[in-house]
Amino acid sequence: MLDIKKIRGDFPILNKKILNNKDLIYLDTAASAQKPKVVIDEINSFYSNNYANVSRGVHTLSVESTFKYEDARKKVQKFINADSEREIIFTKSATESINLIANSFASKYINEGDEIILTVMEHHSNIIPWFLIRDKYKCKILFANIDSTGNIDQKHFESLISEKTKLVSITHLSNVFGTIVNQEIINMCNNAGIPILLDGCQSASHIPIDVKTLGCDYFVFSGHKLYAPTGVGVFYGKENLIEELPPYQGGGGMIADVSIDGATFTDLPAKFEAGTPPLVEAYGLGVAIDYVNELGMSEISEHEFRLTNYALDKMQDLDFVDIHGANENKHSIISFNIKNVHSHEVSSFLDVEGIAIRAGHHCCQPLMKHLSLNSTARLSFGMYNTEDEVDIFINALKKCRDFFTK
Amino acid sequence: MLDIKKIRGDFPILNKKILNNKDLIYLDTAASAQKPKVVIDEINSFYSNNYANVSRGVHTLSVESTFKYEDARKKVQKFINADSEREIIFTKSATESINLIANSFASKYINEGDEIILTVMEHHSNIIPWFLIRDKYKCKILFANIDSTGNIDQKHFESLISEKTKLVSITHLSNVFGTIVNQEIINMCNNAGIPILLDGCQSASHIPIDVKTLGCDYFVFSGHKLYAPTGVGVFYGKENLIEELPPYQGGGGMIADVSIDGATFTDLPAKFEAGTPPLVEAYGLGVAIDYVNELGMSEISEHEFRLTNYALDKMQDLDFVDIHGANENKHSIISFNIKNVHSHEVSSFLDVEGIAIRAGHHCCQPLMKHLSLNSTARLSFGMYNTEDEVDIFINALKKCRDFFTK
Amino acid sequence: MNDLIKELYQEIILDHGQSPRNFGECDPHNKSADGHNPLCGDNLKLTFYINNEDVIEDIKFTGEGCAISLASASLMTEKLKGKKIDIAEEIFSDFTNLVSGSSEDLKVLNEEDSLYALKGVGGFPMRVKCATMAWHAFKSALKS
Amino acid sequence: MNDLIKELYQEIILDHGQSPRNFGECDPHNKSADGHNPLCGDNLKLTFYINNEDVIEDIKFTGEGCAISLASASLMTEKLKGKKIDIAEEIFSDFTNLVSGSSEDLKVLNEEDSLYALKGVGGFPMRVKCATMAWHAFKSALKS
Ligand SMILES: Cc1ncc(COP(=O)(O)O)c(C=O)c1O
Ligand SMILES: Cc1ncc(COP(=O)(O)O)c(C=O)c1O
């Protein structure tokens with residue numbers, strides 16, 4: 001069992017008063033997680049003691065920085081159980097990771113008429129990069145339906161798979177429903193020999209990740225949702241696959257030889273990391289991973305799952321609340337609406353009570369259209385949340401309903 | 001006059017002993033600058049007091065984060081005297097900024113047979129993105145020669161300009177020679193109506209920048225060379241020009257409306273900022289700009305120019321040293337070789353003396369080939385360097401020569 | 001109940017938010033524009049008719065949104081109906097100043113105005129876009 | 001003079017760096033490869049002749065580089081000439097262990113070997129690539 005009180009002590013911001021001198025109740029980890037002191041301190045220490053640019057220098061600070069950066073890569077590799085650190089590319093965000101694979105993959109494998117399968121519950125960051133590819137290569141983007149529980153409609157998904165399918169790219173854990181993708185979906189792709197990309201933005205911080213057991217070919221996530229600094233993301237791809245792909249961006253650090261006639265590129269992972277990387281941010285991600293590992297990803301996951309069910313139980317008893325998607329298979333994220341009250345009102349009302357939740361379309365407009373909603377309110381949990389906080393939240397929901405529908 | 005002693009007190013790392021218990025003499029600012037305490041502290045404070053994701057939330061922390069992020073944009077705008085904050089795009093690095101404009105510009109304006117002009121002294125980050133464009137669009141990349149002083153050969157440059165020229169992209173301050181581009185080069189482009197991109201990676205930290213007086217259409221630089229955190233870069237483009245350009249990456253935050261059929265994009269600057277941005281890093285860049293402004297960019301520039309000339313004077317007296325490029329028009333950066341001693345030896349030798357310089361091709365292989373060198377040693381100054389440090393450096397050069405050529 | 005919330009959601013806001021006035025489409029109309037808040041997906045369609053004396057003879061809106069955006073649109077239509085365009089534009093700039101917290105130098109609006117009820121939005125900066133969505137639609141319709 | 005530097009640049013390194021042995025191209029040769037250090041642009045070309053008893057009969061290199069890379073290439077050619085391939089491969093793995101700081105379990109190299117002079121590279125991690133450039137070229141030539 002996690003010692004949540006101790007954990008909360010590790011997060012400086014959780015011990016702050018915000019608006020109206022209320023204690024902060026942070027229920028917006030799905031948008032971005034708060035940072036433990038050790039991550040903040042290590043950024044400080046890096047800049048204060050060891051900082052220089054990576055890879056290209058011979059002097060001591062450059063060596064230290066390079067080692068710290070490459071060490072972070074190894075930590076990420078172990079965290080998702082990748083085979084090799086050559087499979088771990090640092091980007092600025094999951095969004096960039098998806099743009100990277102979309103561009104590199106498409107320029108090698110996508111032709112007119114080819115098809116890429118997404119689902120209607122994807123985040124815009126897993127839709128727009130593919131739309132841009134569609135415009136360039138005249139391929140088709142197909143959207144698998146979801147059922148009323150907030151899971152992929154497997155029959156429909158299966159019906160979309162064909163000879164023309166070149167890639168499947170889907171969210172591992174929905175940032176609206178909190179649902180986790182069914183393993184059968186991944187298996188279907190594996191069986192059909194279709195490469196599959198999992199958008200692990202939400203899953204990486206909530207459930208243990210093993211890319212090999214999962215059977216995904218590509219996996220992406222953002223550091224900032226995993227208690228790490230902003231400005232760093234991860235792209236994972238199976239070595240034999242990404243070895244074949246052309247680079248995405250060009251610049252320093254990714255070339256073997258350059259003349260005015262042309263250039264040859266270095267080996268993985270540098271091939272995909274043009275320019276000075278977000279090196280302190282990557283280091284910070286490594287520190288965050290250490291922190292998470294020390295507590296135990298399974299323990300964190302269990303705690304959050306328990307909290308989710310605790311909240312669902314209480315929310316179900318509120319007849320003025322609509323919860324989106326079934327309660328089963330929900331992890332850390334709950335989207336809901338108060339009947340006849342717009343999510344903005346809910347969020348502003350809770351904000352004044354010190355409670356941070358998100359309101360809006362959550363960068364999932366196609367899903368909102370599918371649900372015939374224009375926005376929802378969403379609470380999401382991190383390792384630091386407690387049942388007490390849920391109680392305060394539930395109470396605030398009641399007050400909110402009273403205020404707006406009196 | 002700058003109070004260098006006070007400034008040095010602001011940089012925690014400068015007060016550290018490194019290898020062999022030597023005082024650090026950091027002469028590698030051109031690779032990356034060290035960070036003042038205020039930047040490090042403000043990162044800490046942001047994460048400890050105000051952190052949340054930007055733009056999409058209604059709650060207090062999200063508002064505070066958004067304001068801090070947008071405030072940084074205004075600071076950058078003023079720092080380079082851009083007309084509007086809509087012209088300032090945050091990226092992860094200058095390298096990404098160049099990839100952004102290369103891709104967006106090319107997809108709208110570049111066709112087979114068109115020409116883009118660079119120079120042989122460009123950094124790989126201002127070459128490879130254009131090579132990738134060349135491969136895609138079958139355009140030509142022309143390289144302007146440089147003369148023996150390390151400046152662009154104006155006659156040759158002029159001879160390259162033609163009807164086919166669609167864009168000129170050149171370094172504002174050479175990271176090998178320290179030379180500053182002649183204003184006439186920019187004027188030539190303006191007169192010919194050819195858009196010009198200045199790679200301001202080195203200039204932004206060494207000389208005051210005014211994009212309007214310069215007359216450039218696009219300008220890029222990296223935060224980390226301007227005393228700011230890693231993981232953030234800037235892309236500037238004239239509003240009327242970049243309004244016409246398509247987005248580069250796709251994702252959350254840059255769309256107006258999305259359905260499964262397609263998407264429409266938001267206005268500047270968000271159109272070019274897909275996904276969660278490096279928001280704390282951008283904030284850190286704003287803090288670094290405040291710090292620099294307080295000291296005065298002109299004062300910093302004068303100090304570094306004086307130091308450069310001080311070092312050049314002393315180095316000229318060393319008959320075993322070759323300095324690359326003429327001494328005039330050199331700012332903050334000096335590339336050299338010790339006769340018959342490889343730059344790696346020089347760097348390792350100085351490292352043990354506590355002196356950090358860079359050795360290698362400085363991501364400028366075409367220039368190295370042009371100079372028939374395989375590598376050079378390079379010292380570069382930041383605001384914190386002193387004449388005393390130059391003296392120690394000169395002395396170490398002598399010891400180095402003695403050791404290797406005894 | 002909390003003061004900030006009470007200031008944001010004054011009676012008149014809740015009232016107009018729940019039962020917006022001038023909801024619908026003008027027939028005939030000679031100006032129209034869509035308003036859109038990309039943060040949340042809220043949207044509206046504004047239509048109005050300007051006669052040949054430059055007076056806004058009729059103005060209506062439809063759409064989905066939060067109480068703030070609906071109330072703001074509703075109050076806007078009440079305020080602008082019957083106004084000449086140049087006055088309407090002055091009201092526009094006064095209103096945007098009011099809700100972004102700079103209510104000192106207003107030219108045509110004063111504390112008696114029902115629009116003043118939206119002043120509390122200044123305390124919730126992320127809601128300014130909700131309050132101004134209809135107004136920006138008005139402005140862009142004028143240009144069209 | 002500083003100890004770390006002295007350890008890195010032992011007499012034999014400086015000597016081989018300044019006057020590399022076996023500098024040139026083997027004629028005839030049946031194996032060759034290029035070595036390249038992308039950090040600095042150093043490069044070399046290695047050629048050797050393996051006879052039908054799997055013995056490296058002759059081995060030479062040309063190229064540009066720092067003292068460490070030239071000395072390492074020079075000492076490598078001296079060491080490998082006349083060796084059977086399987087022994088050469090053991091030397092390869094011993095050497096890469098030696099310069100990356102793990103010199104405990106070496107199989108064929110010992111402190112008497114001239115190659116031991118490169119052990120000091122372990123104190124300069126960014127120079128390991130200099131010391132191993134020729135060796136990686138050797139390894140990749142074997143595979144070719
Ligand atoms: C002239 C020049 N251009 C571009 C770059 C690339 O900058 P970054 O690596 O921060 O993207 C650098 C720095 O390495 C540079 O000196
Ligand atoms: C499921 C999902 N995919 C992608 C993203 C994009 O992540 P980022 O903005 O960090 O690039 C997010 C987070 O916003 C997300 O929840």
Side-chain angles (χ1 to χ4, degrees), chain B residues 18-23 28 31 123-124 127-128 176 324 335 337-378 392 395-406, chain D residues 1-20 23 34-45 61-75 99-101 117-134 137:
Chain B
I18 60 159
L19 200 63
N20 277 319
N21 211 26
K22 295 272 185 180
D23 286 323
D28 196 19
H123 189 280
H124 294 162
I127 298 177
I128 315 295
V176 172
H324 303 299
S335 285
N337 282 93
I338 295 185
K339 290 185 169 61
N340 301 317
V341 182
H342 191 284
S343 67
H344 271 181
E345 267 74 75
V346 180
S347 181
S348 284
F349 189 93
L350 295 185
D351 186 38
V352 173
E353 302 285 317
I355 305 169
I357 63 157
R358 197 130 286 231
H361 52 58
H362 315 292
C363 292
C364 286
Q365 285 191 4
L367 177 60
M368 294 295 129
K369 284 170 187 163
H370 179 87
L371 299 173
S372 300
L373 292 167
N374 87 332
S375 77
T376 80
R378 178 186 75 183
I392 297 172
N395 206 31
L397 280 191
K398 290 180 191 159
K399 288 204 272 178
C400 178
R401 195 273 313 256
D402 292 345
F403 180 78
F404 286 107
T405 62
K406 67 202 148 181
Chain D
M1 193 46 51
N2 190 292
D3 282 353
L4 263 171
I5 279 291
K6 276 196 194 139
E7 222 178 287
L8 179 60
Y9 294 106
Q10 298 186 18
E11 272 308 326
I12 183 169
I13 306 285
L14 291 176
D15 174 24
H16 279 254
Q18 263 150 31
S19 349
F23 199 83
D34 293 327
H36 191 75
N37 185 347
L39 295 190
C40 58
D42 286 355
N43 59 77
L44 62 73
K45 184 181 164 93
F61 79 102
T62 57
E64 292 179 293
C66 59
I68 303 293
S69 67
L70 292 176
S72 180
S74 172
L75 291 165
V99 294
S100 51
L118 282 154
K119 187 165 176 248
V121 172
F124 294 79
M126 296 308 271
R127 304 299 301 277
V128 171
K129 283 199 178 156
C130 308
T132 56
M133 178 167 70

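Computed from a predicted structure; not experimentally measured. Residue numbering restarts at 1 for every chain, and letters A, B, ... go by the order of the sequence lines.
- Taking CG from D:Asn37 and NE2 from B:His344, the interatomic distance works out to 6.0 Å, rounded to the nearest 0.5 Å.
- Applying side chain to side chain contact (heavy atoms under 4.5 Å, CB included) to B:Val352 and the options D:Leu8, D:Asp3, D:Ile5 leaves one that passes, D:Ile5.
- Looking at D:Ile68, both its backbone and its side chain come within 4.5 Å of chain B, counting heavy atoms on both sides.
- Other residues, nucleotides and ligands contribute more than 12 heavy atoms inside 6.0 Å of the NZ atom of B:Lys369.
- Within a 6.0 Å radius of CG in B:Asn395, other residues, nucleotides and ligands contribute more than 12 heavy atoms.
- Under a 3.5 Å cut-off, the side chain of B:Glu345 and the backbone N or O of D:Ala67 do form a donor-acceptor pair.
- Aromatic rings from B:Phe349 and D:Tyr9 are positioned such that their centres are separated by 6.0 Å or more.
- Atoms CD and CZ, from D:Gln18 and B:Phe404 in turn, are 9.5 Å apart once rounded to the nearest 0.5 Å.
- If you take CG on D:Leu4 and CG on B:Asp351, they are separated by 9.0 Å, rounding to the nearest 0.5 Å.
- Once rounded to the nearest 0.5 Å, the distance linking CG of D:Asp42 with NE2 of B:His342 reads 3.5 Å.
- Interface remark: B:Gln365 contributes side-chain atoms only to the contact with chain D (heavy atom separation under 4.5 Å).
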